[in-house]
Amino acid sequence: MRWQMQEAKQRFSEVLRAAEAGEPQIVTKHGAEVAVVIDIAEYRRLRGEQVGLMEYLRVDPLADVDLDAEIDRPREEPRDIDLAG
């Protein structure tokens, strides 16, 4: 989403909510892009900083992964294992 600076100032809470939801917010001044508001976890990731598990998951790292995809795996019988040594 793009915001003119004046509008971003007036609706700052909305800008922050969208950034927290993982949607970078671009701020313009006189038509030129001057800033981007992003989620803190994304900022830290871009800087190469360590991110905690909860922050990582909050950014939704699997948003574009198809978790329902069918995987072709060989259907073999389990092998015998000698646990006695």
Side-chain angles (χ1 to χ4, degrees):
M1 174 102 194
R2 298 173 67 89
W3 301 85
Q4 293 179 354
M5 187 173 62
Q6 278 302 113
E7 186 179 10
K9 284 167 52 175
Q10 293 169 355
R11 298 171 63 187
F12 194 61
S13 294
E14 189 176 336
V15 172
L16 289 181
R17 271 193 296 277
E20 286 178 324
E23 302 170 21
Q25 304 299 296
I26 298 171
V27 180
T28 64
K29 183 177 182 180
H30 304 294
E33 296 176 345
V34 295
V36 177
V37 180
I38 59 174
D39 181 71
I40 190 68
E42 179 64 9
Y43 170 76
R44 289 180 177 145
R45 186 190 70 76
L46 291 171
R47 295 233 12 215
E49 296 178 16
Q50 296 255 335
V51 177
L53 177 62
M54 292 309 295
E55 286 184 78
Y56 177 77
L57 294 175
R58 201 175 88 235
V59 175
D60 197 7
L62 300 176
D64 53 351
V65 175
D66 182 11
L67 298 176
D68 293 325
E70 290 292 324
I71 299 173
D72 290 331
R73 295 185 185 146
R75 302 288 182 198
E76 301 172 0
E77 292 293 319
R79 60 179 186 242
D80 291 327
I81 299 176
D82 180 12
L83 298 176

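What you see below is based on every heavy atom in this structure, not just the backbone, and it leaves out hydrogens, waters and symmetry mates.
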For Asp39 versus Glu20, what's the shortest heavy-atom pair and its separation? OD1-CA, 3.7 Å
Answer with yes or no whether the hydrophobic clustering places Val37 together with Ile26; edges join I, L, V, M, F, W, Y residues whose side-chain heavy atoms lie under 4.5 Å apart. no
Could you go through residues 10-17 and list every donor-acceptor pair under 3.5 Å that involves a side-chain atom there, pairing it with any protein atom two or more places apart or in another chain?
| unit_1 | atom_1 | unit_2 | atom_2 | d |
| --- | --- | --- | --- | --- |
| Arg11 | NE | Glu14 | OE1 | 3.0 |
| Arg11 | NH1 | Glu7 | OE2 | 2.7 |
| Arg11 | NH2 | Glu14 | OE1 | 2.7 |
| Arg11 | NH2 | Glu14 | OE2 | 2.8 |

Hey, any chance Ile40 and Val36 share a hydrophobic cluster, counting ILVMFWY side chains that come within less than 4.5 Å of each other, even indirectly? yes
Is the shortest heavy-atom distance from the side chain of Arg2 to the side chain of Glu33 under 4.5 Å? yes
Going from CD on Gln6 to OG1 on Thr28, what distance comes out if it is rounded to the nearest 0.5 angstrom? 11.0 Å
Smallest separation among heavy atoms of Ala19 and Gln25, with atom names: N-CG, 4.1 Å
